Amino acid sequence: MLGAIIGDTVGSHYEFHNTKDYNFNLFAEPSCYTDDSVMTMAVACWLLKDKEHSYQGLEDIMVEFGNKCRCPMGGYGGGFRCWLFHPAALQPYEKGGIPYVSSTGRHPYGSWGNGSAMRVSAVGWFFDTLEETERVASISAAITHNHPEGIKGAQATAAAIFMASNGATKEEIKEYISSKYGYDLSKTWEYWHPIYRWESSCQGTVPQAMIAFLDSTDFEDAMRKAVSLGGDSDTLACITGGIAEAFYKKVPKYMADRTAQCIPSIFNQILDGVRAETPYGKLCTID
């Protein structure tokens, strides 16, 4: 959880000013949380408050967070911004995927964007089985991103976090994600680093974020590898950070302290709630 917020913050400066320098300044000014963190916290709040894991409950909380926690950096993608703030302007709902159209007129809009994967990290901590983790990850995505790739990106990310937090090896995580979701994780960070460019899709972001984790030696190394790929840097590092924290079981104190300087108090309250209700608090430390 905190790892995802740190990743978002570290990557925020470089989202529109990409770097290929592995030794980049981790907290270049200005660095702060973005929409990735806002919606990550919204999903976590939903899991804490809505034990039925309903679409309506998720919509209510996402809209509340979107209005109360205006992100100081970056911004929402066009389709999600319309869903969040201007639902009447959404195109007519095309049936398929989930049977969800709310009283506000909000409905999924077929997105395969990486927004579904960047907000899902909390789901990886809340459930006792991989099957339930993937089921709820699908709900968290499909309320907006009901394209198969949008759902797959969220499920794969949550599954990797669940497996990492439950002691799976990197090879086991790699094998499961590759075989279940069809992502090519065989290429290394060294392969992608010189050629990777901006990508907003799940299918063009989640595999690379996972490779940054798989090829890392610790949490900071994972952050450096994710951001220095270039591209959608805050989202890459947000996804990588959620998995890396679950695997390494700690984040560096200086990174946690710097991130804490800019996040709203409600974020810390939600993190405390997740620590109290899941294994997260016992497994992950700040060191």
Side-chain angles (χ1 to χ4, degrees), residues 3-4 6-22 24 33-40 71 73-83 108-121 137 140-142 144-161 173-174 177-178 180-216 222-244:
I6 291 173
D8 179 38
T9 303
V10 168
S12 62
H13 175 79
Y14 301 98
E15 180 180 10
F16 301 113
H17 304 88
N18 283 175
T19 182
K20 290 287 186 178
D21 181 6
Y22 173 86
F24 67 90
Y33 71 94
T34 78
D35 57 303
D36 295 27
S37 292
V38 175
M39 287 301 129
T40 293
C71 49
M73 296 188 68
Y76 300 104
F80 187 77
R81 188 186 308 114
C82 184
W83 181 91
Y109 48 91
S111 177
W112 36 250
N114 55 28
S116 61
M118 60 78 168
R119 69 189 186 215
V120 78
S121 59
S140 78
T144 53
H145 293 55
N146 63 328
H147 187 283
E149 292 293 343
I151 294 172
K152 185 169 78 173
Q155 288 180 310
T157 302
I161 292 170
I173 295 170
K174 180 179 179 179
I177 299 300
S178 297
K180 176 72 180 286
Y181 295 103
Y183 289 145
D184 180 4
L185 302 180
S186 65
K187 296 180 175 65
T188 64
W189 178 83
E190 285 78 10
Y191 170 86
W192 283 111
H193 180 243
I195 65 171
Y196 186 73
R197 296 294 182 267
W198 179 277
E199 257 287 356
S200 62
S201 68
C202 272
Q203 57 270 38
T205 305
V206 175
Q208 288 74 19
M210 289 192 175
I211 287 168
F213 153 68
L214 291 168
D215 284 3
S216 67
M223 293 295 90
R224 291 191 175 281
K225 283 185 164 65
V227 172
S228 63
L229 281 172
D232 195 354
S233 301
D234 60 328
T235 298
L236 280 162
C238 184
I239 296 168
T240 300
I243 305 169

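The structure presented is a predicted model; accordingly, all values stated were derived computationally and were not measured. Because only heavy atoms are used, hydrogens play no part in the values below, and waters and symmetry mates are left out as well, while side chains stay in.
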In terms of ring plane angle, is the pair F80 and Y76 parallel, tilted or perpendicular, where the classes change at 30° and 60°? tilted
Does any non-hydrogen side-chain atom of Y196 lie less than 4.5 Å from one of L236? yes
Using modelled atom types only, decide if a donor and an acceptor are shared between the side chain of T240 and the backbone of C238 within a distance under 3.5 Å. no
Taking distance alone, no hydrogens or angles, what donor-acceptor pairs closer than 3.5 Å link side-chain atoms of residues 203-210 to residues at least two apart or in another chain?
unit_1	atom_1	unit_2	atom_2	d
T205	OG1	N114	ND2	3.1
T205	OG1	E199	O	3.3
T205	OG1	S201	O	2.7

Any idea which heavy atoms bring S186 and D184 closest together, and the distance? OG-OD1, 2.5 Å
I'd like to check the salt bridge (charged side-chain N to carboxylate O under 4.0 Å, His left out) partners of K180; sequence neighbours left out, ordered by chain and number. E134
With distance as the sole test, does S116 use its side chain to make a donor-acceptor pair with the main-chain N or O of G150 at under 3.5 Å? yes
Who pairs with W189 by ring-ring contact (aromatic ring centres under 6.0 Å, His included), at least two apart in sequence or on another chain? H193
Between D36 and T235, does any side-chain donor sit less than 3.5 Å from a side-chain acceptor? yes
What are the two closest heavy atoms between D232 and E15, and how far apart are they? OD1-OE2, 3.5 Å
Smallest heavy-atom separation, A156 atom then I177 atom, equals O-CD1, 3.5 Å
Could you grab the distance from atom CD1 of I239 to atom OG1 of T157, nearest 0.5 Å is fine? 5.0 Å
Taking ring-ring contact (aromatic ring centres under 6.0 Å, His included) as the definition, give me every residue that meets it alongside F24, ordered by chain and number, with sequence neighbours left out. Y14
Output for pair (R197 CZ, W192 CH2), nearest 0.5 Å, gives 11.5 Å
Under 3.5 Å: donor-acceptor pair, side chain of N146, backbone of G110: yes
Are the side chain of R119 and the backbone of V38 linked by a donor-acceptor contact shorter than 3.5 Å? no
Using the test side chain to side chain contact (heavy atoms under 4.5 Å, CB included), find all partners of A158 that sit at least two apart in sequence or belong to another chain. V120, V123, T133, A137
Mind listing the closest non-hydrogen atom pair of H145 and Y109 along with its distance? CE1-OH, 3.7 Å
Looking at every non-hydrogen atom in both residues, tell me the closest pair between G11 and V227 and how far apart they are. CA-CG2, 3.9 Å
From S233 OG over to M223 CE, what is the distance, rounded to the nearest 0.5 angstrom? 11.5 Å
Rounded at 0.5 Å granularity, tell me how far OG in S121 sits from CD1 in I161. 5.0 Å
Identify the heavy atoms of S37 and D8 that sit nearest to each other, and give their distance. OG-OD2, 2.5 Å
Euclidean distance, D35 CG relative to D234 CG, rounded to 0.5 Å: 6.5 Å
Under 3.5 Å donor-acceptor, S111 side chain and H147 backbone: no
So K152 and W112, do their side chains get closer than 4.5 Å, heavy atoms only? no
Residues at least two apart in sequence or cross-chain that pass side chain to side chain contact (heavy atoms under 4.5 Å, CB included) with A244, listed by chain then number, are F213, F219, A222, Y248
Sub-4.5 Å side-chain heavy-atom contact between H13 and T19: no
Can you tell me how far apart CG (L214) and OG1 (T188) are? Round to the nearest 0.5 Å. 11.0 Å
